[in-house]
Amino acid sequence: MVTEQIAARGLRTPRLLAVMEKVPRHLFVPAEELPWAYADGPLPIGEGQTISQPYIVALMTDLLDLKPAARLLEVGAGSGYQAAVLAELAAEVHTVEIIPSLARGAQEILQRLGYTQVHVHLADGSLGWKEAAPYDGIIVTAASPKVPPPLLEQLAEGGRLVAPVGTRGSQVLEIVRREGTRFVRDVHIPVAFVPLRGQYGWK
Ligand code: SAH
């Protein structure tokens, strides 16, 4: 997975590759998907949701440009896999999930693997998670028509946000950096994520 899917596509930071090698992706997928746990694509995790393609997890992590002391917010915990990867590279991760069974599953596996620096919250993450804001990095793993305004408000100065933005069927990865009172935007590759629900998601 690491050599053929991630390094081969140009992500070569040794620390990132080490983390992608370390986090046991097979423990985050349902039993029936086990044979494909390290395959080059997203996989169903129940409730119509998916665990992202390994390369996309690595890419979004890389785009956050994390420092070890960073405090992060993830919107869309899903399986908990992306949160585990982030936790290996940052100090604290708050991950919000709107579907109760997925939030419970993510919480269980993250706890079992000893990721005490990850906090799973059952809530509408399109509103962010005000209680622990501001964040040095925010990652949204479900697609929305535009970046939810509360997430921009909860981004620390100098912080970065990565989110798939576009239509229901296709999006681009948008990167927003907060520089003082300004938000500087960049777009990266085309992607296809499941829709964001909640107040600032799709109806
Ligand atoms: N990051 C996940 C993949 C997430 S798939 C992983 O590593 O497995 C997108 C997830 O976003 C789904 O679990 C979906 O239920 C969740 N989601 C969608 N809208 C949401 C919202 N408004 N708040 C929180 N979670 C949301």
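Atoms within a ligand are numbered from 1 in the order they appear, just like the ligands themselves.
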Passing candidate, side chain to side chain donor-acceptor pair (under 3.5 Å) with His94, options His121, His119, Glu131: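 Among the candidates, only His121 passes.
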Charged tip of Arg25 within 45° of Tyr81 ring normal and under 6.0 Å: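 Flagged: Arg25 positioned over aromatic ring of Tyr81.
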Evaluation steps, salt bridge (Lys or Arg N to Asp or Glu O under 4.0 Å), between Asp40 and Arg9: CA-CA 12 Å; Asp40 193 12; Arg9 290 192 177 103; 2.7 Å; yes
Distances for all N or O pairs of ligand 1 and the protein under 3.5 Å?
unit_1, atom_1, unit_2, atom_2, d
ligand 1, 1 (N), Glu74, OE2, 2.9
ligand 1, 1 (N), Gly76, O, 3.0
ligand 1, 1 (N), Thr141, OG1, 3.1
ligand 1, 7 (O), Gln82, N, 3.0
ligand 1, 8 (O), Ser79, N, 3.0
ligand 1, 8 (O), Ser79, OG, 2.6
ligand 1, 13 (O), Glu97, OE1, 2.7
ligand 1, 13 (O), Glu97, OE2, 3.4
ligand 1, 15 (O), Glu97, OE2, 2.6
ligand 1, 19 (N), Arg197, N, 2.9
ligand 1, 22 (N), Asp124, OD1, 2.9
ligand 1, 22 (N), Arg197, O, 2.8
ligand 1, 23 (N), Gly125, N, 2.7
ligand 1, 25 (N), Ile98, N, 3.3

Option passing side chain to side chain contact (heavy atoms under 4.5 Å, CB included) with Leu72 (candidates Thr95, Val118, Ile139, Leu66):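 Among the candidates, only Leu66 passes.
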Among Arg185, Arg160, Lys146, the one residue meeting salt bridge (charged side-chain N to carboxylate O under 4.0 Å, His left out) with Glu174: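 Result for salt bridge (charged side-chain N to carboxylate O under 4.0 Å, His left out) with Glu174: Arg185.
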Gap between atom CD of Glu74 and atom OG1 of Thr61 - 0.5 Å precision: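 The distance works out to 9.0 Å.
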